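Scope of the values below: all heavy atoms of this structure, side chains included, with no hydrogens, waters or symmetry mates. One-based numbering, in listed order, for ligands and for the atoms of each. Since the model is a prediction, treat every value here as computed from it, not as a measurement.
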Amino acid sequence: MTETLIVYGTRYGATTEACAEIQKILEKEYDQHVEIWDLENYRACPDLSDFDNVIIASGVKYGKWTKNAQKYLSNDFGDKKVAVFISSAYAGESELYEHAYENYLVKVIEENPDLKPVAMAAFGGKIPKDELPKFAKGPKKFVPKIASGQILTRLHENQYDNRDWDKIKEWAHEVGKLFSS
Ligand SMILES: Cc1cc2nc3c(=O)[nH]c(=O)nc-3n(C[C@H](O)[C@H](O)[C@H](O)COP(=O)(O)O)c2cc1C
């Protein structure tokens, strides 16, 4: 059976939920054995050598991955297949998606020249209600000039969860196929 490790960094749990959905699809539909690990406990993380494939994920806060998820990217993955995703409120807004993909994903991956992911994705995020004011008033440099007014108003008005579960599931299938080939 193919062994897959999903490791993630989270602050509010949104990334955890996306990882759990992806795990379910990989196990049920792609016959993988999947272990899932919160990198808050970095030291006890399962040994990479036990796995064929790895998914690395992080939530984004003020433009940053969690420290441990970012650190994990610098591992030597050898010939393992690696897929990477982020959970980011900006990535869930069409006007800000490109900004999030480039700045929070492409640039972070490029800091690790040996890392060549077979798949990458930027998903929307979920902001706990009591964190919304902090998000809305965050340091200006993390609020992209493009459309920032709209996104903040919209999040306040309607919702604080802009994850697209169909997109997350679709990506899980894409990764399932890549990991099985
Ligand atoms: C204080 C704060 C700052 C945030 N900063 C950003 C940001 O710079 N860019 C972004 O896209 N999302 C930002 N977000 C939204 C998070 O990306 C979103 O809540 C994400 O789903 C968090 O994932 P996690 O729960 O796994 O940590 C911020 C949220 C909070 C509460």
For this session: Using a strict 4.0 Å cut-off to heavy atoms of Tyr104, name the atoms of ligand 1 that fall inside it.
Result: 7 (C), 8 (O), 9 (N), 10 (C), 11 (O)
Exercise. Can you tell which part of Tyr8 has a heavy atom less than 4.0 Å from ligand 1: side chain, backbone, both or neither?
Worked result: neither
Exercise. Is any N or O atom of Ser88, backbone or side chain, closer than 3.5 Å to an N or O atom of ligand 1?
Worked result: yes
Exercise. Any N/O of Thr16 closer than 3.5 Å to an N/O of ligand 1?
Worked result: no
For this session: Would you check whether Gly124 has a nitrogen or oxygen atom less than 3.5 angstrom from a nitrogen or oxygen atom of ligand 1?
Result: no
For this session: Check the side chains of Thr66 and Asn68 for a donor-acceptor pair under 3.5 angstrom, ignoring hydrogens and angles.
Result: no
Problem set entry | Per atom 26 (O) of ligand 1, closest listed option by heavy atom (Asp130, Val60, Ile86, Thr15) | Thr15
Exercise. How does Lys61 reach ligand 1, by side chain, by backbone, by both or by neither, if only non-hydrogen atoms under 4.0 Å count?
Worked result: both
For this session: Answer yes or no: does an N/O atom from Tyr12 fall short of 3.5 Å to an N/O atom of ligand 1?
Result: yes
Exercise. Under 3.5 Å, is there a donor-acceptor pair between the side chain of Glu3 and the main chain of Asp50?
Worked result: no
Problem set entry | Side chain Asn162, main chain Gly124, donor-acceptor under 3.5 Å | no
For this session: Show which atoms of ligand 1 fall inside a sub-4.0 Å distance from at least one heavy-atom site of Thr10.
Result: 24 (P), 25 (O), 26 (O), 27 (O)
Exercise. Looking at ligand 1, does Gly63 have a heavy atom less than 4.0 Å from it?
Worked result: yes
Exercise. Is a side-chain N or O of Thr15 found less than 3.5 angstrom from the main chain of Gly59, in a donor-acceptor match?
Worked result: yes
For this session: Measure the acute angle between the ring planes of Phe123 and Trp171, then classify it against the limits of 30° and 60° as parallel, tilted or perpendicular.
Result: perpendicular
Exercise. Between Tyr72 and Phe77, how do the two ring planes meet: parallel, tilted or perpendicular, split at 30° and 60°?
Worked result: tilted
Exercise. Side-chain donor-acceptor pair under 3.5 Å between Lys61 and Tyr12, yes or no?
Worked result: yes
Exercise. Which residue from Gly13, Cys19, Ala89 reaches closest to atom 12 (N) of ligand 1 through any of its heavy atoms?
Worked result: Ala89
Exercise. Does atom CD of Glu170 have more than 12 heavy-atom neighbours, drawn from other residues, nucleotides or ligands, at distances under 6.0 Å?
Worked result: no
